[in-house]
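Counting begins at 1 with the first residue of the sequence. As the structure lists them, so they are numbered: ligands from 1, and atoms in each ligand from 1.
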Amino acid sequence: MRCDQLYVAGLGTWLPPAEPVAEAVARGDVDEAAARRSGMRSVTVCQDDAPAPAEMAVRAAGLALRRAGTDGSDVRMLLHASLYDQGNALWGTASYVQRRSVRAGCPALEVRQVSNGGMAALLLASAVLAQGGGEVLLTTADRFCPPGFDRWRSDPGTVYADGGTAMLLSAGGGFARVRSLAVVSDPELEGMHREGDPFGEARTAPAGVLDLEAHKKRYVARAGMSFSVARVTAGQRDAVKEALADAGVEAADISRWVLPHFGRRRLETNCLRPLGIGADRTTWEFSSRVGHLGAGDQTAGLEHLVRSGALGPGGLCVLMGVGAGFTWSCAVVEILRVPGWTA
Ligand SMILES: CCC(=O)NCCNC(=O)CCNC(=O)[C@H](O)C(C)(C)COP(=O)(O)O
């Protein structure tokens with residue numbers, strides 16, 4: 001869909017220290033060959049004294065609000081997206097972020113659409129802002145920690161990173177404008193991240209370490225790899241095609257592509273080759289130093305591009321997301337001015 005009056009007014013991230021991949025290899029977290037295949041140089045990993053995910057979102061939100069020059073009192077809705085444990089159970093995580101970041105009594109909701117959660121929140125925010133202006137604050141946060149998750153082995157091909165992000169959207173103006181947003185889904189693929197792990201009782205403790213590779217293998221053994229690849233390729237292609245058309249631009253007009261923080265092989269097969277672009281046109285140089293921030297790749301990647309000066313006024317970038325299910329999203333964002341907080 002074409003977006004009118006949808007502006008990015010503030011961006012913020014809170015990332016723990018980036019740990020060099022060599023240290024993960026030395027510790028035995030990943031073998032040398034797999035580390036090399038991933039192309040990753042470092043991964044942001046919470047140390048023992050790190051804040052809980054919800055607190056990481058609070059810190060990212062505070063930065064986004066400060067950069068936007070607001071205390072958040074005009075925020076009409078807060079949307080918090082995550083994938084994994086937020087640090088407590090049966091708890092108003094979004095309300096925690098709201099209490100600790102904005103001074104508004106607005107609805108505070110959680111969004112779960114696996115790794116597309118940040119873009120799903122953008123979709124919801126666009127609908128809210130189209131109905132009456134104001135601001136919507138989007139936050140994401142995750143800490144992919146043991147015992148239930150292995151950041152290197154739970155989903156080989158993607159190295160999971162810890163961190164929080166925040167994006168303040170406004171109907172009144174901002175340094176960038178979202179010109180279009182497309183979200184496409186294909187539920188035929190939902191079994192890919194589930195099969196092999198039957199529905200069970202509510203788990204208080206994780207049933208071993210999550211093994212998405214085993215789930216994927218069982219699904220593909222039944223559905224077929226060519227079927228799976230064809231459907232994954234088609235969904236992403238449709239999202240990109242719709243977003244570019246609704247923005248009235250071509251792929252050649254896009255100066256930077258904010259892609260999901262895959263490892264290098266997945267990035268090549270799922271994004272670079274299908275899109276016909278080189279890694280230099282993407283956020284790979286950044287994402288290879290961070291890792292997959294769950295629902296936050298797109299906000300973190302956009303902040304990186306703006307801070308680094310890679311995008312100037314008039315520059316167009318695309319934010320792409322994909323979530324198990326699958327759901328694919330694509331947004332075309334135009335930089336209107338360089339915000340004062342850039343490097
Ligand atoms: C679970 C976190 C999440 O939502 N991730 C997004 C969905 N996963 C992906 O897009 C990763 C890439 N996977 C795929 O495209 C499909 O699984 C394929 C195409 C069947 C196999 O890809 P591969 O595992 O070989 O990289």
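Contacts between Val322 and ligand 1 below 4.0 angstrom, taking non-hydrogen atoms only, involve backbone and side chain alike. Of the heavy atoms in Asn270, only side-chain atoms (C-beta onward) come closer than 4.0 Å to ligand 1. Using a 4.0 Å cut-off between heavy atoms, Tyr160 contacts ligand 1 through its side chain alone, with no backbone atom that close.
Regarding atom 19 (C) of ligand 1, its nearest protein heavy-atom neighbour is Val229 CG2, 3.9 Å. Distance from atom 18 (C) of ligand 1 to its nearest protein heavy atom, with residue and atom name: Met192 SD, 4.3 Å. Regarding atom 21 (C) of ligand 1, its nearest protein heavy-atom neighbour is Lys216 CD, 4.0 Å.
Residues Tyr84 and Trp91 fall into different hydrophobic clusters, defined by Ile, Leu, Val, Met, Phe, Trp and Tyr side chains chained together at heavy-atom separations under 4.5 Å.
Checking Arg281 against Ser255 by side-chain atom types alone, no donor-acceptor pair falls below 3.5 Å. Of the N and O atoms on the side chains of Gln86 and Tyr96, not one donor lies less than 3.5 Å from an acceptor on the other residue. Judged purely by distance below 3.5 Å, without hydrogens or angles, the side chains of Glu135 and Ser170 never pair a donor atom with an acceptor atom.
Here is the list of ligand 1 atoms found below 4.0 Å of a heavy atom in Ala324: 3 (C), 4 (O), 6 (C), 7 (C). Of all atoms in ligand 1, listed by their number and element, those nearer than 4.0 Å to a heavy atom of Ser115 are 2 (C), 3 (C), 4 (O), 5 (N). Distances below 4.0 Å separate heavy atoms of His193 from the following atoms of ligand 1: 1 (C), 7 (C), 8 (N). For ligand 1, the atoms lying closer than 4.0 Å to a non-hydrogen atom of Arg266 are 11 (C), 12 (C), 23 (P), 24 (O), 26 (O). Listed by number with element, the atoms of ligand 1 under 4.0 Å from a non-hydrogen atom of Val232 are 15 (O). For ligand 1, the atoms lying closer than 4.0 Å to a non-hydrogen atom of Val114 are 1 (C), 2 (C), 3 (C), 4 (O).
A salt bridge links Arg151 and Asp162; the closest N-O separation between the charged side-chain nitrogens and carboxylate oxygens is under 4.0 Å. Classification of Asp246 and Lys241 as a salt-bridged pair fails, no side-chain N sitting under 4.0 Å from a carboxylate O. A salt bridge links Asp4 and Arg2; the closest N-O separation between the charged side-chain nitrogens and carboxylate oxygens is under 4.0 Å.
Using a 4.0 Å heavy-atom cutoff, Tyr219 is absent from the residues neighbouring ligand 1. For the ligand labelled ligand 1, residue Gly157 lies outside the 4.0 Å heavy-atom shell. The closest approach between any non-hydrogen atom of Arg265 and ligand 1 is below 4.0 Å.
Side-chain contact check for Leu137 versus Ser101: some heavy-atom pair is nearer than 4.5 Å. Side-chain contact between Val43 and Tyr160 is absent, with no heavy atoms from C-beta onward closer than 4.5 Å. Side chains of Trp257 and Cys271 form no contact here, defined as non-hydrogen atoms less than 4.5 Å apart.
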